[in-house]
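Here is the structure we will look at.
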Amino acid sequence: MIQKKSKMLWYAVVILLLIVIISSNGLTEQGRRPVDVSLATGKNIWCSLVLIAKERGFFEQEGLNVTLNYQDAGRYCMDALLSKSVDFAAVVEANFAYVGFTGNKNPVALAQIVSSSCGIVARKSKGIESASDLKGKRIAYTPATGAEPFLYRFLEKYKIATQDVKLMKMQPRALQPALAAGEIDAVVTWDPFINSSVKSLGGDSIEFREPDVFTGYMMLASRRDWLSKNKAIVSSMMRALSSAEKFISDHPTETKESLSKIINMNIQDIEKVWPYFNFTLKMDKPPLLQAIKYVGENARVTDANFAKKPLPDYNGYFDTSYLPVSERK
């Protein structure tokens with residue numbers, strides 16, 4: 001009887017040891033398994049840090065399995081973030097400006113990932129040879145994107161009143177076909193839509209690139225409710241984007257070759273617009289806040305839907321704690 005109990009006790013100990021070993025192996029495997037993360041982004045040069053981090057495996061090096069949710073504009077990336085379809089989003093200043101009017105304090109900017117500008121493509125056959133020739137013309141743009149503040153600043157610079165032009169709102173992919181068909185005279189947009197619009201018109205295009213008119217900023221954003229539970233993931237995301245920033249700086253030729261394949265844009269066209277982009281992972285809050293405020297102030301002047309709404313306090317839409325102190329201003 002005693003021998004039987006001893007044998008049962010021995011079996012119990014062996015089973016317990018096996019359970020511990022299996023559980024330990026499972027935890028080890030789980031610890032090594034990449035964490036699934038989703039990020040809404042454009043598929044263009046603006047999003048180079050994200051695209052290169054994915055293509056070069058920098059996300060995986062930081063233990064992240066990142067699924068990219070491609071959108072045509074930052075406003076749709078913000079929509080995906082707010083609907084909790086994604087964990088991160090690449091958005092621009094205009095997106096935060098309009099979210100501010102809703103009172104939603106959940107989205108937060110973690111870092112700038114690029115600064116650049118938009119541009120205008122017009123038809124020369126419509127009598128447009130200079131900026132002042134845009135007066136009286138049909139100009140299309142995508143609202144609540146970086147094209148909006150660029151457009152209004154451009155008109156201000158050349159003293160063209162908004163009532164002296166016919167402004168038309170269109171989706172990003174609708175701009176180039178409408179311009180090619182002669183339904184509009186000019187478009188205000190960003191790359192790669194500038195490039196495709198120029199090519200669609202052949203020799204009939206004139207391009208206005210004036211970075212000093214308005215500097216746009218793309219930011220990595222997330223949600224406060226998600227951030228509070230996933231701080232380690234955010235830190236890993238920042239390290240991966242930092243690696244991409246260094247790669248772009250150290251290997252510009254390889255970067256352009258990779259982007260050419262990813263975004264389906266030939267290298268010559270990428271080379272042409274490359275000087276307009278500044279790829280830096282940082283948070284320079286004063287000019288960024290100024291850009292966001294401008295969009296909000298302009299919306300109150302130009303859009304009746306916002307005329308009676310107070311300008312939001314945009315200071316609360318930033319969290320620089322995940323960046324090195326040297327990259328915060």
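- The structure places NZ of Lys285 at 9.5 Å from CD1 of Ile292, a figure rounded to the nearest 0.5 Å.
- Between the side chain of Asn106 and the backbone N or O of Leu82, no donor-acceptor pair lies under 3.5 Å.
- Val86 is connected to Met238 through a chain of hydrophobic side-chain contacts under 4.5 Å among Ile, Leu, Val, Met, Phe, Trp and Tyr, so both are in one cluster.
- Counting only heavy atoms from C-beta outward, the side chains of Phe247 and Ile52 approach each other to under 4.5 Å.
- Note on Glu254 versus Arg56: salt bridge recorded, some NZ/NE/NH1/NH2 to OD/OE distance being below 4.0 Å.
- Of the N and O atoms on the side chains of Arg239 and Ser236, at least one donor lies less than 3.5 Å from an acceptor on the other residue.
- Across all their heavy atoms, Gly119 and Ile194 have their closest contact at N-CD1, 3.6 Å.
- Using a 4.5 Å cut-off on side-chain heavy atoms (C-beta onward), Ser197 and Asn195 make no contact.
- Here the closest heavy-atom approach between residue Pro310 and residue Arg300 is recorded as C-NE, 4.1 Å.
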>> Before you tell me yes or no, could you show the steps for Glu210 and Lys157 under side-chain contact (heavy atoms from CB on, under 4.5 Å), namely the whole-Å CA-CA distance, both residues' side-chain angles and the distance that decides it to 0.1 Å?
In response: CA-CA 10 Å; Glu210 299 200 27; Lys157 178 177 178 178; 2.5 Å; yes
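- We find the CD1-SG distance between Ile113 and Cys47 to be 6.0 Å, quoted to the nearest 0.5 Å.
- To the nearest 0.5 angstrom, Cys118 atom SG is 11.0 Å from Glu148 atom CD.
- In the model, Gln71 has a side-chain atom that pairs as donor or acceptor with a side-chain atom of Asn69 under 3.5 Å.
- Under the 4.5 Å side-chain contact rule for hydrophobic residues, Ile45 and Leu68 share a cluster.
- With no hydrogens or angles considered, a side-chain donor-acceptor pair links Asp36 and Asn65 at under 3.5 Å.
- A salt bridge is absent between Asp72 and Lys43; no separation between the charged side-chain nitrogens and carboxylate oxygens falls under 4.0 Å.
- Screening Tyr322, Phe318, Tyr217 for a side chain to side chain contact (heavy atoms under 4.5 Å, CB included) with Met283, the sole residue that qualifies is Phe318.
- In this pair, Trp274 and Phe279 present their aromatic rings tilted. The plane angle is within the 30 to 60° band.
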>> Could you go through Leu179 and Gln176, starting from their C-alpha distance and side-chain angles, then the distance that decides it, and tell me whether this counts as side-chain contact (heavy atoms from CB on, under 4.5 Å)?
In response: CA-CA 5 Å; Leu179 183 64; Gln176 179 262 313; 5.7 Å; no
>> Test side-chain contact (heavy atoms from CB on, under 4.5 Å) on Phe88 and Ser222; report intermediate values, then the result.
In response: CA-CA 5 Å; Phe88 295 97; Ser222 189; 4.0 Å; yes
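- Residues Tyr314 and Lys293 meet the side-chain proximity criterion, which asks for heavy atoms closer than 4.5 Å.
- Here the side chain of Ser83 pairs a donor or acceptor atom with the backbone of Asp79 at under 3.5 angstrom.
- The environment of CD in Glu60 is crowded: more than 12 heavy-atom neighbours from other residues, nucleotides or ligands sit within 6.0 Å.
- The environment of Lys105 atom NZ is dense: over 12 non-hydrogen atoms of other residues, nucleotides or ligands sit within 6.0 angstrom.
- Residues Arg75 and Pro143 have side chains in contact (heavy-atom distance under 4.5 Å, counting atoms from C-beta outward).
- Taking the ring axis of Phe59 as reference, the NZ or CZ atom of Lys54 does not stay both within 45° of it and closer than 6.0 Å to the ring centre.
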>> One pair to check against side chain to side chain donor-acceptor pair (under 3.5 Å): Thr280 and Asn278. What are the steps and the verdict?
In response: CA-CA 6 Å; Thr280 309; Asn278 180 23; 3.1 Å; yes
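- Side chains of Val234 and Leu227 form a contact here, defined as non-hydrogen atoms less than 4.5 Å apart.
- Using a 4.5 Å heavy-atom threshold, the side chains of Val91 and Leu220 count as separate.
- Figure legend: cation-pi geometry between Arg209 and Tyr276, with NZ or CZ positioned under 6.0 Å from the six-membered ring centre and within 45° of its axis.
- The distance from atom NZ of Lys124 to atom CD1 of Ile128, rounded to the nearest 0.5 Å, is 11.5 Å.
- The environment of CZ in Arg173 is sparse: at most 12 heavy-atom neighbours from other residues, nucleotides or ligands sit within 6.0 Å.
- Scanning all heavy atoms of the two residues, the minimum distance from Ala89 to Cys77 falls at CB-O, 3.5 Å.
- Atom NZ of Lys231 sits about 7.0 Å away from atom OG of Ser321, to the nearest 0.5 Å.
- Sorted by first then second residue, the ring pair (Phe, Tyr, Trp, His ring centres under 6.0 Å) pairs that include residues 101-125, not counting sequence neighbours, are Phe101-Phe306.
- In terms of hydrophobic clustering, with Ile, Leu, Val, Met, Phe, Trp and Tyr side chains grouped at heavy-atom distances under 4.5 Å, Met237 and Val35 are assigned to a common cluster.
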>> Under the criterion side-chain contact (heavy atoms from CB on, under 4.5 Å), I'd like the reasoning laid out for Lys169 against Tyr141: C-alpha separation, chi angles, the key distance, then a yes or no.
In response: CA-CA 5 Å; Lys169 299 177 181 180; Tyr141 70 103; 3.3 Å; yes
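- A donor-acceptor contact shorter than 3.5 Å is absent between the side chain of Glu207 and the backbone of Ile120.
- More than 12 heavy atoms of other residues, nucleotides or ligands lie within 6.0 Å of NZ in Lys256, so this atom counts as buried by the packing criterion.
- Contact check for Thr145 versus Trp190: side-chain heavy atoms found under the 4.5 Å cut-off.
- For the pair Asn230 and Asp87, the minimum side-chain heavy-atom distance is 4.5 Å or more.
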Show the atom names and distances, to 0.1 Å, of all donor-acceptor pairs under 3.5 Å that link a side chain in residues 259-267 to residues at least two apart or in another chain.
| residue | atom | partner | partner atom | Å |
| --- | --- | --- | --- | --- |
| Ser260 | OG | Met265 | O | 2.7 |
| Asn266 | OD1 | Gln268 | N | 3.2 |
| Asn266 | OD1 | Asp269 | N | 2.7 |
| Asn266 | ND2 | Asp269 | OD2 | 2.9 |

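- Judged by distance alone, with hydrogens and angles left aside, the side-chain atoms of Lys137 form a donor-acceptor pair with the main-chain N or O of Asp133 at under 3.5 Å.
- Under the 4.5 Å side-chain heavy-atom criterion for grouping Ile, Leu, Val, Met, Phe, Trp and Tyr, Val121 is not connected to Val213 through any hydrophobic cluster.
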> Given the rule in the salt bridge (charged side-chain N to carboxylate O under 4.0 Å, His left out) test, do Asp185 and Arg138 qualify, once you have shown the distances and angles that lead to the verdict?
Replying inline: CA-CA 5 Å; Asp185 306 315; Arg138 300 166 297 175; 2.9 Å; yes
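- In summary, the side chains of Asn315 and Asp313 do present a donor paired with an acceptor at a separation below 3.5 Å, with no hydrogens or angles considered.
- Using a 4.5 Å cut-off between side-chain heavy atoms of Ile, Leu, Val, Met, Phe, Trp and Tyr, with links allowed through other members, Trp46 and Met219 fall into the same hydrophobic cluster.
- With a 6.0 Å cutoff to the six-membered ring centre and a 45° limit on the axis angle, Arg153 counts as a cation-pi contact of Tyr294.
- Here the shortest heavy-atom pairing between Ala140 and Ile184 reads CB-CD1, 3.6 Å.
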>> Please evaluate residues Lys126 and Asp204 with respect to the criterion salt bridge (charged side-chain N to carboxylate O under 4.0 Å, His left out), reporting the C-alpha separation (whole Å), side-chain torsions for both, the decisive distance (0.1 Å), and the verdict.
In response: CA-CA 9 Å; Lys126 295 294 183 177; Asp204 192 28; over 6 Å; no
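- Atom-to-atom distance recorded for Ile139:CD1 and Leu175:CG is 12.0 Å, nearest 0.5 angstrom.
- A donor-acceptor distance shorter than 3.5 angstrom exists from the side chain of Asn95 to the backbone of Val92, with no hydrogens or angles considered.
- Under the 6.0 Å cut-off for aromatic ring centres, Phe150 and Phe214 do not qualify, their centroids lying 6.0 Å or more apart.
- Arg123 contributes a side-chain N or O that, together with a main-chain N or O of Ala180, makes up a donor-acceptor pair within less than 3.5 Å.
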